[in-house]
Protein chains: 2
Amino acid sequence: MQKQETLSKNQKIILDLIEKSDQPLKAYSILFDVKKKGINAPLQVYRALDKLVEIGKIHKIESRNAFIACKNSKCQIAKATVFSICESCEDVTEIHDHKLSEHLRDFKDNKGMKYNKYNLEFFGLCKKCI
Amino acid sequence: MQKQETLSKNQKIILDLIEKSDQPLKAYSILFDVKKKGINAPLQVYRALDKLVEIGKIHKIESRNAFIACKNSKCQIAKATVFSICESCEDVTEIHDHKLSEHLRDFKDNKGMKYNKYNLEFFGLCKKCI
DNA sequence: TTGTTAATTGTTATAATATAACATCATGTA
DNA sequence: TACATGATGTTATATTATAACAATTAACAA
Ligand SMILES: [Zn+2]
Ligand SMILES: [Zn+2]
Ligand SMILES: [Zn+2]
Ligand SMILES: [Zn+2]
């Protein structure tokens with residue numbers, strides 16, 4: 001069997017929902033929203049989320065246990081994510097900064113570890129909340 | 001009342017345990033271990049963990065829901081943490097890299113957001129697991 | 001020293017997040 | 001056809017974290 005190019009039914013339903021939101025959604029809030037589409041169990045949501053994360057369509061905001069759509073059309077940065085998070089209004093934005101990406105991509109520790117992925121979350125106050 | 005300088009009983013018990021481990025511990029594993037010291041409920045553990053994180057004695061590894069002691073004696077980097085995580089053996093190491101810290105500290109996005117904190121997690125394979 | 005405040009503790013219950021285990025169905029390949 | 005793989009559906013359960021309330025302790029000021 002070939003690696004699947006197209007998304008499955010549940011994956012599409014859940015990706016659509018996440019893409020409609022510009023802010024991260026939590027798994028159980030997704031579950032609530034897709035019940036009308038016949039998705040009834042947490043596992044169905046988590047399976048779709050896992051897959052979508054794996055192929056880079058969405059990212060998990062680890063500190064918030066929430067999922068946000070990747071705005072980068074080619075999703076080549078699925079394994080190298082940077083977010084800014086407002087600690088007051090919880091607004092989350094994905095950051096694409098070339099210099100920062102380069103710096104992180106090239107970072108080497110002194111232990112000979114080989115990195116294939118990173119996740120960076122900045123916390124602070126957005127303009128509205130300052 | 002002044003800001004407390006010394007740790008409370010529960011905070012000490014739990015910090016001792018975390019400091020004895022060079023790897024992150026999970027809250028319920030901590031709970032299991034401190035039951036013999038009279039700490040019986042999750043909330044007692046989470047309250048101590050919250051405080052210890054707040055004062056920079058420990059850090060939370062967000063992607064693992066686990067807590068590790070800060071090795072930096074002055075804990076001035078409590079709000080600016082970098083970790084490397086081996087995806088095979090789950091070994092976690094706190095990284096102190098001056099250049100990287102500078103770069104992250106000085107990072108500005110194009111939205112005028114004011115950062116006071118960040119957390120960076122690198123994932124890969126450690127030397128043993130390559 | 002007494003009243004006040006804040007931090008901490010103890011306790012029970014419950015919320016929120018995530019996975020195990022197993023059966024079934026659909027699709028591409030030998 | 002037979003087989004392998006990925007996706008689905010379902011029930012139950014595991015794991016992580018907080019709510020709500022009462023009691024206790026430590027610092028401080030009048
Ligand atoms: Zn992205
Ligand atoms: Zn904000
Ligand atoms: Zn540290
Ligand atoms: Zn390893």
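By convention in this document, chain letters (A, B, ...) are assigned in the order of the sequence lines, proteins followed by strands, and residues within each chain are numbered from 1. FYI, side chains are in, hydrogens and waters are out, and symmetry mates aren't considered; it's all heavy atoms of this structure. Bear in mind that the values here come from a model prediction, so they are computed numbers and not experimental data.
Rotation axes derived from the C1' atoms of the five outermost pairs at either end of the helix from C/dT1-D/dA30 to C/dA30-D/dT1 lie 30° apart, to the nearest 10°.
With rounding to whole Å, A/Ile39 atom CD1 is found 7 Å from D/dG9 atom P. Atom NZ of B/Lys35 is separated from atom C1' of C/dT11 by 13 Å (rounded to the nearest Å). Atom CD in B/Gln11 sits roughly 12 Å away from atom P in C/dG10 (whole-Å rounding). If you measure from atom CD of B/Glu62 to atom P of C/dT17, you get 14 Å, rounded to the nearest angstrom. Whole-Å rounding puts the B/Ile13 CD1 to C/dT8 P distance at 14 Å. Protein atom CZ of B/Arg47 is 15 Å distant from nucleotide atom P of D/dA23, rounded to whole Å. A/Phe32 has its CZ atom 16 Å from the P atom of C/dA15, to the nearest Å. Rounded to whole Å, the distance from CG on A/Leu31 to P on D/dG9 is 13 Å.
Residue A/Gln44 has a polar side-chain atom (N or O) positioned under 4.0 Å from OP1 or OP2 of D/dG9. Phosphate proximity of C/dG10 to B/Lys9: present, with a side-chain N or O under 4.0 Å from OP1 or OP2. The side chain of B/Lys51 contributes an N or O atom lying less than 4.0 Å from OP1 or OP2 of C/dT8. OP1 or OP2 of D/dG6 has not a single side-chain nitrogen or oxygen of A/Ser8 nearer than 4.0 Å.
Between the side chain of B/Asp109 and the backbone N or O of B/Gly112 there is at least one donor-acceptor pair closer than 3.5 Å.
In terms of the ring-ring contact (aromatic ring centres under 6.0 Å, His included) criterion, A/Tyr46 has no residue partners (sequence neighbours excluded). The side chain to side chain contact (heavy atoms under 4.5 Å, CB included) test applied to A/Leu43 returns A/Arg47, not counting sequence neighbours. Under the side chain to side chain contact (heavy atoms under 4.5 Å, CB included) criterion, B/Arg105 pairs with B/Glu102, sequence neighbours left out. Residues that satisfy the side-chain hydrogen bond (donor to acceptor under 3.5 Å, both in side chains) test with B/Glu87, not counting sequence neighbours, are A/Lys117.
Other members of the cluster containing B/Leu125 are B/Ile130, with ILVMFWY side chains joined at under 4.5 Å, either directly or via other members.
Pairs passing the side chain to side chain donor-acceptor pair (under 3.5 Å) check and including a residue from residues 121-130 of chain A, sequence neighbours excluded, read A/Ser63-A/Glu121, A/Asn119-A/Glu121. Among pairs with a residue in residues 21-43 of chain A, those fulfilling side chain to side chain donor-acceptor pair (under 3.5 Å) read A/Gln23-A/Asp91, at least two apart in sequence or across chains.
Ring orientation note: the planes of A/Tyr115 and A/Phe107 are close to parallel, at an angle under 30° on the 30°/60° scale.
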What nitrogen or oxygen pairs link the protein and nucleotides 14-18 of chain D at under 3.5 Å?
{"from": "D/dT16", "atom 1": "OP1", "to": "B/Lys26", "atom 2": "NZ", "distance (Å)": "2.4"}
{"from": "D/dA17", "atom 1": "OP1", "to": "B/Lys60", "atom 2": "NZ", "distance (Å)": "2.7"}
{"from": "D/dA17", "atom 1": "OP1", "to": "B/Asn65", "atom 2": "OD1", "distance (Å)": "3.4"}
{"from": "D/dA17", "atom 1": "OP2", "to": "B/Tyr46", "atom 2": "OH", "distance (Å)": "3.0"}
{"from": "D/dA17", "atom 1": "N7", "to": "B/Tyr28", "atom 2": "OH", "distance (Å)": "2.7"}
{"from": "D/dA17", "atom 1": "N6", "to": "B/Tyr28", "atom 2": "OH", "distance (Å)": "3.1"}

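Looking at the side chain of B/Asn40, the nearest of the listed nucleotides C/dT11, D/dA7, C/dT9 is C/dT11.
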